[in-house]
Structures are given as C-alpha cells and as structure tokens.
**Q** 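I am attaching a structure below and will ask some questions about it afterwards.
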2 protein chains.
Amino acid sequence: MNKISGRTIERLSFYRRLLIKLAAGGEDRVYSHRLAEEVGVTAAQVRRDLMEIGFSGSTKKGYDIEKLVGFIGKVLDNPSGEPVALVGLGNLGRALLPFFAAHHPKLKIVAAFDSDPAKTGRVIHGCRSYPSRELQPVIEREKIRVAILTVPAAAAQEVSEELAAAGVKGILNFAPAMLRLPAAVSVESIDMAIALEKIAYLARRGRAE
Amino acid sequence: MNKISGRTIERLSFYRRLLIKLAAGGEDRVYSHRLAEEVGVTAAQVRRDLMEIGFSGSTKKGYDIEKLVGFIGKVLDNPSGEPVALVGLGNLGRALLPFFAAHHPKLKIVAAFDSDPAKTGRVIHGCRSYPSRELQPVIEREKIRVAILTVPAAAAQEVSEELAAAGVKGILNFAPAMLRLPAAVSVESIDMAIALEKIAYLARRGRAE
DNA sequence: GCTTGTGAATCTCTTCACAGCG
DNA sequence: CGCTGTGAAGAGATTCACAAGC
C-alpha cells in the first residue's frame, strides 16, 4: 500500500466524495462502472485505483460502499485529525476560511496568520488569527503539518520557508509563485491565473478530444 | 501550431509570467536552462514546449525575451481581449473578483451574476453584477465565451448548462462537482477540497521523488 | 565551448481485453 | 451472464543525448 501516485490520490478523494453522497441516498453497493461514470473516468481506471490501495470488492455485486469509504479513509486521513494553518488573510484567505471550515471531518483550520495587525488577534469564522511573528510558536504548539498559503506572490517564498522551518510538511500554495523548499516538504500549487489563461485558450480553440 | 497539449499551455503561461518579470528587471535574453530552473521544469522540457509552438531562439545566445513573450501571446491570447463572466458571488466569487481584476491585460471580468437579489444590481470591484435571470442576455450581448463558476455544488450543473446554452465555450469550475456538458465546452476544474486532502496525504507520507 | 532543436529512449499513466468467480 | 482483478498493450509526456550552429 506504499507509493500511491498523486493522480490516484486525487481520484480516491473524488470517489469518496461520491460514495458518501450515494450512501446518503440510501445505496450500499456500487459497480466500478457507476463510480467511473459519475466521477468522469473509465471503469478500468476505478478498478486500478482500488487495486493500488489493495481494496477488494466482492465479485458478487460490486463494492460495499461503507467499507470502501472506510478503506479510502484509512489511506487518506490521519485518524487523529489534521490541524491546518491558513497564512494570509487577504480576500482569498478570508474566503477560504468558511469554505474549508464547512466540510471536512478530519481537516480543520485551527490557526490563521497575517502580517497586518488589523487582521489579527481576532476570531474569524471560528478560527483564531495571529500576527505573523507568532507563526513558528503556534505551529509548533498546535503540531500543525499542513498549511494553506494565500499571501501575495512576493512574500510566498519567504513565508513558505518559515513554515517549513516550523515543521510544516505540506503546503497548498495559492500564490502565483514557484516555491523552492527542501524535498521533505510537499507543495501543491493552485495557480488560478494560469488556470484561467488555459481555459480561455481552450475556449478559443475547439475542444480537445 | 495546432493541437497543443494542456500541460504545455500551462507551462507556456508560466514561462510568460517569468519572462515578463525578467524583462521588467532589464534582461533581454534568456537560456532554456534559466527558464527551466525558475519555473521548476527541465531545460529539455522548455525547449520541447517552444518547439511545439514553433518558436525558434537563435542558437547564439538563447531566446529573445520580448519576442518570446509576443509569440506566447499569439498562442494564448485572443488579440481583441477576452471578456469573462463570474457566476456566483459568494465568499469565493467576491474574493476572485479583485484577484483577477488586478493582473491580466487581456482577460477581464466584465459581468458577475448571482441568484441572490441582495448581491446584484451593483458594481463590485469595477464589475457590474446582474441577477441570474439576465445571465443569457448579458452573456450574448457582451459576447462572453469564458466563465468562472463559483456557485454551490448543488447548482453547478444547472448553471453550467445555462452558460453553455448562452454560448460559453470554457468554464473554470470551482464547485466541487463534475460537470457534464457538450464536448464543445471545455471545463477546467479547481477542486480545492480535493487539493487539500491530497496535500494532507503527502504531508503524512514522505515526499515523493 | 556554449547554446538550441530533435530523434530516440524512457517513464508514467490509461485502457484493453480476458481469465476467473459467484 | 456480468462483475472484478490484472497482465499486457497502448498513449502521452518527459528526458536523454547528440548533431549542428555560432
């Protein structure tokens, strides 16, 4: 169950989301075809992914939804929950707080940071905000290993280094900048400006496929 | 210069961003190595990408920055500019307005929509907001072909169909939902919840590579 | 020497297609 | 039968490595 590819991780996450929805609708078993159809991949892909994590559906009638949700959880989640830091309380950061607060049972934003004193020392959407100066101590105290970075591009490298130094091992980076960090720190970048340029390109040229 | 892969488009966008920064710093030529290093890919990858769009640097001393920026622009941009619609003025949508308004010379959000009358009929960050009912006429009038979708997941499918019907050809989808649309419409989804789960996973397991 | 441009090799990811099972 | 699990084939993307230019 060791090295699972990034693509597979993403799809597992999608599968789980859908499975939970199906379970809420009262279903308890599902075929790879169905899962594939709803998530937008092929059935073979679904079976491969489940094979990769070592999950077996009974051949009889597809996969047991509840079991599969649990199994995916064992792969993706930290059983004891995962505290997350949000760094940068600009427009985007403030918008993400309620967005992430809403959903996840395991992932929880427990601390927010900003360099602007006007934005700190408060509680925003149930999350305490601290001045940047307290970044390292708070992250260490709360044992935070995952951070969301929503600072301006110019500050991103510096702040990410502080995060890494404080012990953060994964950064979800929204700043339009490339972060250079030790290999022990994983970075996943969401570059919305690039995504918009891409979709504008695709809209002009005909659709691929 | 025809079918360019999605990956390449994204990287071209990155290259351009960097090139503009270099040009602002007074530089006028650049080697593939340098570009690669700063963007986080290999030099061979850079050269492949430029080959793919048919750009030739002089062998003498790398690539002419200004020419390359222009060339990438010819590939990516609609020369007459690209009007964009934003649909969904919740927290995220409102945060994206200034974010996108800031930067791009060609891509410009010219209309925003929301189903909540309290949020419409105003001008937010220089962008006029309309009630959803006016979605189709406004999009047709403004000849909008690109839309950013920031509505709740439950509404995403329906709204995206309206967009498609109104003539939109590319959708940047932030809703955690899979859109089923005619193949003529391109969809690029940014699923922040999935991305956060992924980075949490990577933070727990050691880094890949 | 240092580049770029590029065929060929490699790696990674996805799909095919079928054995095996209930 | 129609399903899952999976070896093998296929597609795509990346890197290697080297010819050719200045």
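Here is how names work: the chains are called A, B, and so on, in the same order as the sequence lines, proteins then strands, and each is numbered from 1.
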**Q** Rounding to a whole Å, what distance do you find between A:Arg29:CZ and D:dG2:C1'?
**A**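 Rounded to the whole Å, the gap is 15 Å.
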**Q** Give the rounded distance in Å between these two atoms: CD1 of B:Ile53 and C1' of C:dG5.
**A**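 Rounded to the whole Å, the gap is 14 Å.
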**Q** Check this for me, if you would: do A:Glu37 and B:Arg180 make a salt bridge, where the nitrogen-to-carboxylate-oxygen distance has to be below 4.0 angstrom?
**A** yes
**Q** Regarding A:Arg128 and A:Glu134, does a basic nitrogen lie under 4.0 Å from an acidic carboxylate oxygen?
**A** no
**Q** Suppose we screen for ring pair (Phe, Tyr, Trp, His ring centres under 6.0 Å). Which residues come up paired with B:Phe113, at least two apart in sequence or across chains?
**A** B:Tyr130
**Q** Do B:Arg17 and A:Glu197 meet the salt-bridge criterion of a basic N to acidic O distance under 4.0 Å?
**A** no
**Q** Do any pairs count as a side-chain hydrogen bond (donor to acceptor under 3.5 Å, both in side chains) and have a residue in residues 158-168 of chain A, sequence neighbours left out, and if so which ones?
**A** A:Gln157-A:Glu161
**Q** Is B:Arg48 salt-bridged to B:Glu52, cutoff N-O under 4.0 Å?
**A** no
**Q** What does the inter-axis angle of the helix from C:dG1-D:dC22 to C:dG22-D:dC1 come out as, five pairs per end, nearest 10 degrees?
**A** 10°
**Q** Checking B:Lys106 now: which residues fulfil side chain to side chain contact (heavy atoms under 4.5 Å, CB included) with it, not counting sequence neighbours?
**A**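 B:Lys106 satisfies side chain to side chain contact (heavy atoms under 4.5 Å, CB included) with B:Asp77, B:His104 once adjacent residues are dropped.
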**Q** Could you run down nucleotides 3-15 of chain D 5' to 3' and tag each one B, S or - for protein heavy-atom contact under 4.0 Å?
**A** BBBBBB----SSB
**Q** List in chain and number order the residues that pass side chain to side chain contact (heavy atoms under 4.5 Å, CB included) with A:Ser132, two or more places apart in sequence or in another chain; answer none if no residue qualifies.
**A** A:Ser115
